[in-house]
Amino acid sequence: MPLATLRGVRLEKIASLRELGLNPFPAKSNRTHMTAEVTGNYDALEGQTATVAGRLMSWRKMGGMAFGNVQDQSGNMQIALRRGEMQGTDAAAGTLGFENFNLLDVGDIVECTGKVGKTKTGEMSIIADSLRILTKSLRAFPDKHFGIKDREIILRKRYIDTTVNPENRVHFEQISQMLFQIRRFFNERGFLEFNTPIIQSQYGGGTAKPFITHVNALSTDMYLAISHELYLKRLITAGFDKVFVIGRHFRNEGIDRSHHPEFVMLETMTAYENYEYNMQLIEDLFRHIATSVFDRTVFQVKGHEVDFAKVWPRVLMTDAVLEATGIDFKAITSVDEANEKLASLGINDPQPSVGNALVRAFEEKVEKTLIQPTFIYGHPIEISPLAKPMQSDPRYVERFEIFIAGMECGDNWSEQNDPVQLLATWKKAFKPEDRDEGEFHPLDYDFVEMLEHAMPPTTGIGPGLERMAMIFTGQEDIYDVIYFPMMKPLLSEVNKVIYDVKDEEAQNVKVDLLLTAEEFAAWLKQGKLKPRGGALALTPVETDWEGNKLKHYEITGLSNGGKVTVRGADVSVLIAETFPGIEVKTRPVRKANG
RNA sequence: GGUCGCGUAGCUCAACUGGCAGAGCAAUUGACUCUUAAUCAAUAGGUUGUAGGUUCGAUUCCUACCGCGAUCACCA
C-alpha cells in the first residue's frame with residue numbers, strides 16, 4: 001500500500017477515536033513507573049498497581065487476549081490485556097476498550113495501568129486494568145525484525161533507528177554521560193566553565209576555513225567559531241586562572257569518517273602551568289572517563305586493544321621521526337636538505353621550511369603507527385605560532401599532540417604570551433590572499449592588545465569530543481557519534497504529495513543550482529531568479545584543474561534560497577543590468593582544487 | 001572538488017544475456033483467551049530516485065541531474 005494510503009488509514013482511525021469521545025493527543029500521562037523500575041523491582045512490586053507509558057513496539061492479538069510491548073527510555077516490558085477483565089472504551093476516563101483495539105497501531109504512544117504480574121510463560125507484565133492512547137502515530141515504523149538498514153534514513157531520521165534498534169541508543173547515552181563526567185572532572189579541580197561566542201567578528205585560534213555569516217543589526221559579516229581559545233585567554237588575563245569551554249566549532253572543510261564541519265571540542269586554559277601539566281591533566285581525564293562512564297580501562301579501537309590505565313609515553317617529534325626513518329631533523333639546517341631527505345622517503349612534496357618537512361615526515365611515517373595513547377611533543381615553531389619556544393631549542397615549541405589508534409586526539413601547548421613576539425610571528429605568517437582560505441587567520445589586534453595587559457604563563461588542551469566518543473564507544477564513523485549529522489536538505493517526493501507542497505515552494509528546499517551563462521541569462525529574463533533581499537553576494541571561484549584554470553561564479557541571495565553557480569562568464573555586469581537597485585557584494589577570489 | 005559504487009512497495013530483499021516487476025514483514029477483512037519475529041485464511045499495495053536517449057521492448061544499456069556511500073585531496 002502506498003505510504004499516503006497507509007497514512008490515510010491512520011487518519012481515519014484518529015477520526016474514529018474522536019467519534020468515540022477520545023482525544024488522540026491528550027496532554028498528560030498518569031505514568032507511575034518506568035518499565036525498568038517494574039522489571040528491576042519485580043518482587044517488591046508484584047501484585048501492586050502500576051502505570052507504564054511509552055511506545056507500543058509490538059502487538060499480538062488473539063481473540064480475547066492481547067499482548068504488547070511498551071518501550072520507554074529505561075527499557076521495554078510486556079503488557080497483557082484480557083477481554084472482560086479491563087475497562088471498556090470510556091470517554092470520561094479516556095480509556096480504549098478491547099472492543100476498539102483495531103484503532104491501535106504499533107508505533108502509538110500508549111499508557112497501560114494494571115497489576116504487576118507474570119503471564120503463564122513467566123514473563124513479567126502489566127496485567128492491564130485499562131489502556132489509554134497518549135499519542136496516535138500517523139506513520140508506520142519499519143519492520144521490527146529487519147529493522148532499518150538504509151544508511152541515509154538512519155542518518156536523516158535517527159529517531160527511527162534508535163527507536164526500532166534500541167541498542168543503537170546506548171552509545172548516545174554514554175556520550176551524554178561523558179559530557180557529565182568531563183564537567184565533573186574539571187569542576188572538581190577548580191575549573192570554571194564559560195560560554196564563549198560562536199559568532200565572532202574575527203576567527204582565530206587555529207587555521208581553518210571559516211563559515212561566514214552576516215549580522216543584520218550590525219550590518220557586518222562575521223564568522224562562526226573555528227576555535228574558542230582566544231576568548232579563554234582573555235578570561236585568563238581577567239584573572240580566571242582555570243577555565244574551560246565545551247565549545248561548538250565550525251570548519252568549512254572536508255567531510256569524512258573522522259571530520260564533520262560542526263564539532264565539539266573541550267578547550268581548557270590553566271594559568272601558571274606549562275604543557276607538562278597538561279599531559280598529566282589529559283591522561284587523568286581519559287582515565288576518569290574510562291572508569292566513571294564505562295567502568296573499565298581497556299577499549300577496542302579500530303581493531304586494536306588500547307589500555308588507558310598505562311602511563312602514556314612522551315616522545316619528541318624529532319625522536320619519533322628519527323626512530324621510524326633514521327633521519328634526524330634536528331641536525332638538518334637547510335630547507336633543501338630537508339626536502340632531499342623527504343624525497344628519500346618517497347615524499348615528493350617540497351616543504352617551505354625544515355619544520356614543515358619534519359611534520360610532513362611525521363604524518364606520513366609515524367602518525368598511523370601510534371596505537372597506544374602517546375604524547376608527541378616539541379613541534380616546529382613554523383607551524384605553531386601561538387606556542388612558546390622550548391628553552392632547550394627555540395626551533396621547537398612547548399606543544400604536544402595526543403595520538404590514539406593512529407588518530408590525533410588533542411592538540412595542546414604552552415601559550416605564547418609575549419605580545420611583541422606573537423605579533424611578529426603572525427605578521428610573518430600572514431598573507432592577505434590566504435584570508436578565508438584556511439591558511440592563516442586574520443591578524444587580531446584586539447587580542448594582541450589584551451596580551452599587552454599581561455597574560456600570565458598559561459597552557460591549554462583541546463581534545464575533540466567526537467573523536468574521544470569514537471574511541472570510547474567503539475564507533476568508527478564520526479556520523480555515528482553525532483546524533484544529527486550534517487546532511488543535504490531533501491524533501492521527498494512522497495512528502496511533497498502528502499503535504500501538498502507546490503514546486504515553487506519545494507525549490508526553496510533545494511539548495512544549489514548549476515547553470516551555464518546562457519541559462520542564467522534566460523532564467524533572469526524569465527524572472528525565475530530574483531534577489532531575496534537588498535544585497536547579493538558574488539564569489540568568483542578559480543579552479544585549477546590539471547593546469548587549466550577555470551573560473552565560475554557563485555551567487556547567494558537569489559530566490560531559490562541557495563547558491564547559484566554560473567559557469568563560463570563574468571555575471572556581475574548582467575546582474576547589475578537586470579537589477580539596477582541591488583547591492584552586489586563581491587567577495588575575494590576563492591581558489592579551489594580541480 | 002576528483003574518481004568509483006549504489007538508489008525496486010512503508011521496511012528488508014528478489015528479478016539470469018534487455019523480454020509479463022516478485023516475496024516476507026507492515027496494512028485491510030475474517031478466525032483465535034498466554035503470545036513474544038504469535039498462527040491461519042483472504043484482499044489490496046509499484047511512474048523501479050528524476051529528466052532525457054538508444055531499442056519492437058529498458059529495473060537492466062547510454063547521458064545529465066538529485067541523494068547516499070566508499071576513496072583521494074584539504075583539514076582536526
Side-chain angles (χ1 to χ4, degrees), chain A residues 1-10 12-13 57-69 76-85 98 102 105-107 117-123 125 127 138-156 160 164 206-209 226-227 249 251-261 263-265 349 363 401-402 407-411 437-439 462-467 477-479 485 487-494 509-514 541 543-546 550 552 565 590-594:
Chain A
M1 214 180 281
L3 179 65
T5 316
L6 291 173
R7 185 171 171 272
V9 171
R10 301 286 181 102
E12 283 168 22
K13 290 182 179 180
M57 293 304 290
S58 63
W59 184 245
R60 303 172 290 282
K61 185 168 175 291
M62 47 194 46
M65 187 93 199
F67 302 89
N69 282 78
N76 180 311
M77 78 175 293
Q78 178 168 271
I79 58 176
L81 311 98
R82 199 192 301 250
R83 183 167 57 203
E85 295 190 14
F98 206 98
N102 62 327
D105 286 289
V106 169
K118 283 185 179 170
T119 56
K120 281 183 184 168
T121 54
E123 175 149 352
S125 306
I127 313 297
L138 283 180
R139 302 235 186 174
F141 268 91
D143 181 86
K144 59 179 170 288
H145 182 55
F146 293 104
I148 188 90
K149 292 183 180 169
D150 185 328
R151 183 71 175 157
E152 187 170 351
I153 298 180
I154 291 174
L155 297 178
R156 285 188 187 280
I160 292 177
V164 178
T207 54
K209 289 185 196 174
I226 62 165
S227 165
H249 294 62
R251 299 187 181 176
N252 211 341
E253 292 167 352
I255 297 177
D256 63 33
R257 286 164 74 85
S258 57
H259 293 86
H260 189 265
F263 64 103
V264 181
M265 203 154 87
D349 181 17
E363 287 171 351
E401 287 179 293
I402 300 149
M407 192 160 60
E408 197 214 307
C409 294
D411 193 0
E437 285 314 300
E439 299 299 325
L465 289 195
E466 282 84 5
R467 289 190 178 178
D477 188 342
I478 198 167
Y479 271 39
M487 303 288 280
K488 276 208 170 190
L490 181 70
L491 182 59
S492 67
E493 293 300 317
V494 68
V509 177
K510 290 199 168 189
V511 262
D512 297 343
L513 286 171
L514 177 63
V541 182
T543 310
D544 192 333
W545 195 72
E546 289 178 358
L550 302 175
H552 66 263
T565 302
R590 185 157 69 78
K591 287 176 187 157
N593 296 328

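Keep in mind that this is a model prediction, so the values were computed, not measured. Naming: A, B, ... by sequence-line order, numbering from 1 per chain.
B:rC66 and B:rU50 have their P atoms separated by 15 Å, given to the nearest Å. Between B:rC6 and B:rA44, the distance separating the two C1' atoms is 31 Å to the nearest Å. When the C1' atom is used for both B:rA21 and B:rG57, the distance is 15 Å, rounded to whole Å. Across the C1' atoms, B:rG2 and B:rA73 are found 8 Å apart, a figure rounded to whole Å. If you take atom C1' in B:rG52 and the same atom in B:rU17, they sit 26 Å apart, rounded to whole Å. Comparing B:rC56 with B:rA64, their P atoms sit 24 Å apart, to the nearest whole Å. Rounded to whole Å, the separation between the P atoms of B:rG19 and B:rA27 comes to 35 Å. For the C1' atom pair drawn from B:rU12 and B:rG1, the interatomic distance equals 35 Å after rounding to whole Å.
A:S125 places a side-chain N or O within 3.5 Å of a backbone atom of A:E123 that can act as its donor or acceptor partner. Remark: side-chain polar atoms of A:E466 are not paired, donor with acceptor, to backbone N or O of A:S258 under 3.5 angstrom. In this structure, the side chain of A:R251 engages the main chain of A:I226 through a donor-acceptor pair within 3.5 Å. Under the 3.5 Å distance criterion, the side-chain polar atoms of A:D477 are matched with a main-chain donor or acceptor of A:Y479. The main-chain N or O of A:K488 is found under 3.5 Å from a side-chain atom of A:R156 such that the two form a donor-acceptor pair.
Taking atom CD of A:E363 as the reference point, atom P of B:rA73 lies 11 Å away to the nearest angstrom. Across the protein-nucleic acid pair, A:I478 atom CD1 and B:rC75 atom C1' stand 12 Å apart, rounded to whole Å. Per the geometry, CG belonging to A:D411 stands 14 Å off P belonging to B:rC75, to the nearest Å. In this structure, CZ of A:F98 is placed 11 Å from P of B:rC32, rounded to the nearest angstrom. A:E408 has its CD atom 10 Å from the C1' atom of B:rC75, to the nearest Å. Spacing between atom CG of A:D105 and atom P of B:rA27 amounts to 7 Å, rounded to whole angstrom units. In this structure, the CE atom of A:M65 is 10 Å from the P atom of B:rU35, given to the nearest Å. Put simply, CG on A:L6 is 13 Å from P on B:rA26, counting in whole angstrom units.
At the heavy-atom level, A:M487 lies under 4.0 Å from the strands shown only through sugar-phosphate atoms. Across all strands, A:G410 comes closer than 4.0 Å to no nucleic acid atom at all (heavy-atom distances). Residue contacts for A:G254: at a heavy-atom cut-off of 4.0 Å it reaches a base atom on one of the strands shown.
With B:rC34, B:rG10, B:rC68 as the candidates, the nucleotide lying closest to the side chain of A:L3 is B:rG10. Ranking B:rU33, B:rC11, B:rA26 by closeness to the A:A140 side chain, first place goes to B:rA26. Closest to the side chain of A:K149, from the set B:rC74, B:rU12, B:rC68, is B:rU12. Among B:rA70, B:rU28, B:rA76, the nucleotide with an atom closest to any side-chain atom of A:K13 is B:rU28. Proximity note for A:D256 (side chain, C-beta onward) versus B:rC74, B:rC68, B:rA70: the nearest is B:rC74. For A:H259, the listed nucleotide lying nearest its side chain is B:rA76; candidates were B:rA76, B:rU12, B:rG67. In this structure, of B:rA76, B:rU33, B:rU12, it is B:rA76 that holds the atom nearest to the side chain of A:F263. Checking B:rU12, B:rG69, B:rC75 against the side-chain heavy atoms of A:R151 singles out B:rG69 as nearest.
When the nearest nucleotides of RNA chain B are assigned to A:G64 and A:I148 by heavy-atom distance, the more 5′-ward of the two goes with A:I148. Between A:G147 and A:F67, the residue anchored nearer the 5' end of RNA chain B, judged by the nucleotide with its closest heavy atom, is A:G147.
The two residues A:I153 and A:I148 come nearest to each other via the heavy atoms CG2-CD1, 3.7 Å. Of all heavy-atom pairs between A:D256 and A:I478, the closest is O-CG2, 3.7 Å. Among all heavy-atom pairs drawn from A:I160 and A:F141, the shortest one is CA-CE2, 4.1 Å. Scanning all heavy atoms of the two residues, the minimum distance from A:R467 to A:E408 falls at NH1-O, 2.9 Å. The heavy-atom pair separating A:A80 from A:T119 by the smallest distance is CB-CG2, 4.1 Å. Between A:V106 and A:R10 the shortest heavy-atom distance is O-NH2, 3.9 Å.
Stem analysis of RNA chain B (at least three stacked-register Watson-Crick or G-U pairs, each with both distances under 3.5 Å) gives B:1-7 with B:66-72, B:10-13 with B:22-25, B:27-31 with B:39-43, B:49-53 with B:61-65.
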Could you run down nucleotides 36-50 of chain B 5' to 3' and tag each one B, S or - for protein heavy-atom contact under 4.0 Å?
BBB------B-----
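Taking side-chain N and O atoms only, A:R139 has no distance below 4.0 Å to OP1 or OP2 of B:rG10. Dashed line: the shortest gap from a side-chain N or O of A:R257 to OP1 or OP2 of B:rA70 is under 4.0 Å.
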Yes or no on side chain to side chain contact (heavy atoms under 4.5 Å, CB included) for A:E85 and A:F98, after CA distance, side-chain angles and deciding distance?
CA-CA 10 Å; A:E85 295 190 14; A:F98 206 98; over 6 Å; no
